[in-house]
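All values reported here derive from a predicted model rather than from experimental measurement. Below, all heavy atoms of this structure are taken into account, side chains as well, without hydrogens, waters or symmetry copies.
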Amino acid sequence: MTGRTGAGDVPREFRAGPSGWRGADLRATDEWLLRLSPRQLAELSEALSTARRRGVTLLRLTVADFPLPTLAGELERIGDVLEHGRGFVLIRGIPVDRLSEAAASAVFWGLGQYLGRPVSQNADGHVLGHVRDTGRTMADPATRGYQTRAALPFHTDAADLLALLCLRAARSGGRTSLVSSAAVHDAVLKFRPDLAERLRRTHYFDRREEHAPGEPPYLAAPLTARSAGRPSLRYHRCYLESAQRFPDVPRLEPADLELFDLIDELAGSPEFRLDIDLEPGDLLLFNNHATLHARSEFEDFDAPEFKRHLLRLWLAFGDCRGPDAARHGVAPRDVVRPRSPLTTRQFQAAVAAVSGAAPVAHTKPRRLPT
């Protein structure tokens with residue numbers, strides 16, 4: 001393809017131990033599930049009380065402010081599984097029904113501190129995200145999938161680790177599915193070796209209007225890379241195809257679309273994927289280098305207090321990865337500029353907030369609940 005370059009010497013096979021799992025092999029086991037014990041729940045409650053007594057604001061909460069004498073060891077084991085093992089873990093039983101949203105956020109943030117460094121999820125610098133339907137659609141180039149109720153095909157996010165805490169489930173739908181990147185990659189090599197070289201080529205991902213002035217509106221990166229001896233797959237078909245709106249992005253070729261079709265087919269097959277219905281209190285953790293994830297469309301409740309709502313963290317590993325594999329979130333903008341679909345009133349409010357004329361709710365430090 002014109003304008004494309006290779007990604008260097010990437011091993012042809014990624015399958016290695018538990019990272020090459022298949023969903024059909026994991027459905028009959030719960031080795032990927034941790035149910036919190038009464039002792040562990042008591043430890044979480046005491047950690048929350050410690051953070052409250054110290055009066056620390058949410059985004060300044062550290063491991064030292066959220067001590068977990070025994071659960072810390074379990075989280076260390078989970079971190080190893082996420083980075084070097086199968087790449088995902090489900091923690092079940094966080095008592096969100098007995099916690100306010102602020103308290104649940106503090107518990108979620110505190111646990112995340114043991115697993116990685118929170119990074120920005122959007123150009124506004126939000127590090128604690130809210131996954132819920134805002135009424136927007138992907139037809140708007142500034143919309144991200146987590147802001148809609150639409151089905152989200154298999155993809156990876158722009159961070160090393162993704163954490164989702166379910167506060168409320170939808171009335172129906174909203175099922176999460178995971179698939180091993182290594183298993184899908186190696187299946188492409190097996191069934192269509194003629195397409196394998198395209199996995200290592202540079203591709204172009206739409207940044208969905210979340211780039212700073214002067215930066216390109218797309219990210220250039222290969223689909224597959226390897227760093228520190230570990231495989232990494234980056235894939236988001238929606239963003240790959242919407243990047244075609246930019247005239248300086250090389251055109252996708254028929255063989256590229258064949259590759260995308262094959263990845264989608266493999267990832268969506270019962271043999272490869274693992275489906276998970278998240279319940280309130282479930283904390284799902286997965287490695288974006290080692291897994292792809294998807295979500296089915298959902299129908300929500302009418303009452304706002306019952307609507308589907310997940311908290312989200314993007315976390316970075318402690319090590320430094322190469323430029324092809326590094327995923328450290330979305331760099332926050334240093335300036336405010338109008339972005340579709342902002343209304344004039346919304347933009348004026350944002351400018352007023354930056355100038356000090358009015359506060360912006362999400363930038364105010366939050367004290368932990370008492």
Side-chain angles (χ1 to χ4, degrees), residues 1-12 14 119-123 125 138 140-145 152-162 181 184-185 188 195-228 230-264 267 287-293 314 316-317 319-334 337 339-340:
M1 176 176 286
T2 303
R4 296 253 175 129
T5 58
D9 184 19
V10 179
R12 290 186 59 82
F14 277 172
V119 295
S120 174
Q121 301 179 32
N122 55 36
M138 293 300 288
D140 173 6
T143 295
R144 302 263 296 276
L152 303 179
F154 279 96
H155 65 283
T156 59
D157 285 350
D160 295 327
L161 297 177
L162 190 149
S181 298
V184 169
H185 174 275
V188 171
L195 297 177
E197 183 270 335
R198 292 178 183 271
L199 289 167
R200 300 183 289 276
R201 289 187 182 187
T202 298
H203 291 263
Y204 298 82
F205 299 79
D206 191 347
R207 296 176 68 177
R208 307 297 288 184
E209 308 296 316
E210 298 219 312
H211 57 286
E215 291 183 339
Y218 51 81
L219 170 71
L223 299 187
T224 60
R226 183 180 284 269
S227 179
R230 296 185 292 275
S232 175
L233 191 146
R234 186 192 303 267
Y235 182 71
H236 202 310
R237 183 167 186 166
C238 174
Y239 294 178
L240 287 162
E241 293 184 342
S242 66
Q244 294 290 290
R245 64 195 175 105
F246 304 115
D248 54 336
V249 168
R251 300 300 90 184
L252 290 170
E253 297 176 351
D256 294 313
L257 300 180
E258 284 189 71
L259 174 61
F260 301 165
D261 286 343
L262 180 57
I263 291 174
D264 293 342
N287 180 339
N288 271 302
H289 300 273
T291 64
L292 298 106
H293 61 285
W314 279 5
F317 287 131
D319 63 356
C320 295
R321 297 193 165 218
D324 289 335
R327 299 183 202 179
H328 296 152
V330 178
R333 291 193 187 88
D334 293 326
R337 63 184 178 87
R339 262 191 305 158
S340 174

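- Using cut-offs of 30° and 60° on the angle between ring planes, the pair Tyr218 and Tyr204 is perpendicular.
- Leu161 is not listed as a side-chain neighbour of Trp314, based on a closest heavy-atom distance of 4.5 Å or more.
- The shortest side-chain heavy-atom distance between Arg245 and Pro217 does not fall under the 4.5 Å cut-off.
- Side-chain contact check for Asp160 versus Val119: every heavy-atom pair is 4.5 Å or farther apart.
- Here the closest heavy-atom approach between residue Pro216 and residue His211 is recorded as O-CB, 3.7 Å.
- Taking every heavy atom of both residues into account, Asp206 and Ser242 meet most closely at OD2-OG, 2.8 Å.
- A heavy-atom distance below 4.5 Å is not found between the side chains of Val330 and Arg207.
- The NE2 atom of His185 sits 4.5 Å away from the OG1 atom of Thr224 when rounded to the nearest 0.5 Å.
- Side-chain contact between Gln244 and Val249 is present, with heavy atoms from C-beta onward closer than 4.5 Å.
- The CG atom of Leu195 sits 11.0 Å away from the CG atom of Leu257 when rounded to the nearest 0.5 Å.
- A donor-acceptor contact shorter than 3.5 Å is absent between the side chain of Thr202 and the backbone of Ala220.
- Between the OG1 atom in Thr291 and the CG atom in Leu162 there is a gap of 8.5 Å [rounded to 0.5 Å].
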Discussion item. Pair His289, Thr156 - check side chain to side chain contact (heavy atoms under 4.5 Å, CB included), show working.
Written reply: CA-CA 8 Å; His289 300 273; Thr156 59; over 6 Å; no

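- Scanning both residues, Arg208 and Cys238, for their nearest heavy atoms gives NH1-SG, 4.5 Å.
- Put simply, NE2 on His236 and CG on Leu152 are 7.0 Å apart, with the number rounded to the nearest 0.5 Å.
- For the side chain to side chain contact (heavy atoms under 4.5 Å, CB included) test, residues two or more places apart in sequence or in another chain that qualify with Leu240 are His203, Phe205, Leu223, Tyr235, Phe260.
- Asn122 places a side-chain N or O within donor-acceptor distance of the main-chain N or O of Gly125, the cut-off being under 3.5 Å.
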Discussion item. Before you tell me yes or no, could you show the steps for His293 and Asp157 under side chain to side chain contact (heavy atoms under 4.5 Å, CB included), namely the whole-Å CA-CA distance, both residues' side-chain angles and the distance that decides it to 0.1 Å?
Written reply: CA-CA 9 Å; His293 61 285; Asp157 285 350; 3.6 Å; yes

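- Side-chain contact between Pro222 and Arg200 is absent, with no heavy atoms from C-beta onward closer than 4.5 Å.
- The pair Arg198-Glu258 does not count as a salt bridge, with every side-chain nitrogen at least 4.0 angstrom from each carboxylate oxygen.
- Taking the charged nitrogens against the carboxylate oxygens, Arg237 and Asp256 have no contact shorter than 4.0 Å, which rules out a salt bridge.
- His155 NE2 to Asp264 CG: the interatomic distance, rounded to the nearest 0.5 Å, is 12.0 Å.
- Residues Ala221 and Arg234 come closest through the heavy atom pair CB-NE, 3.7 Å.
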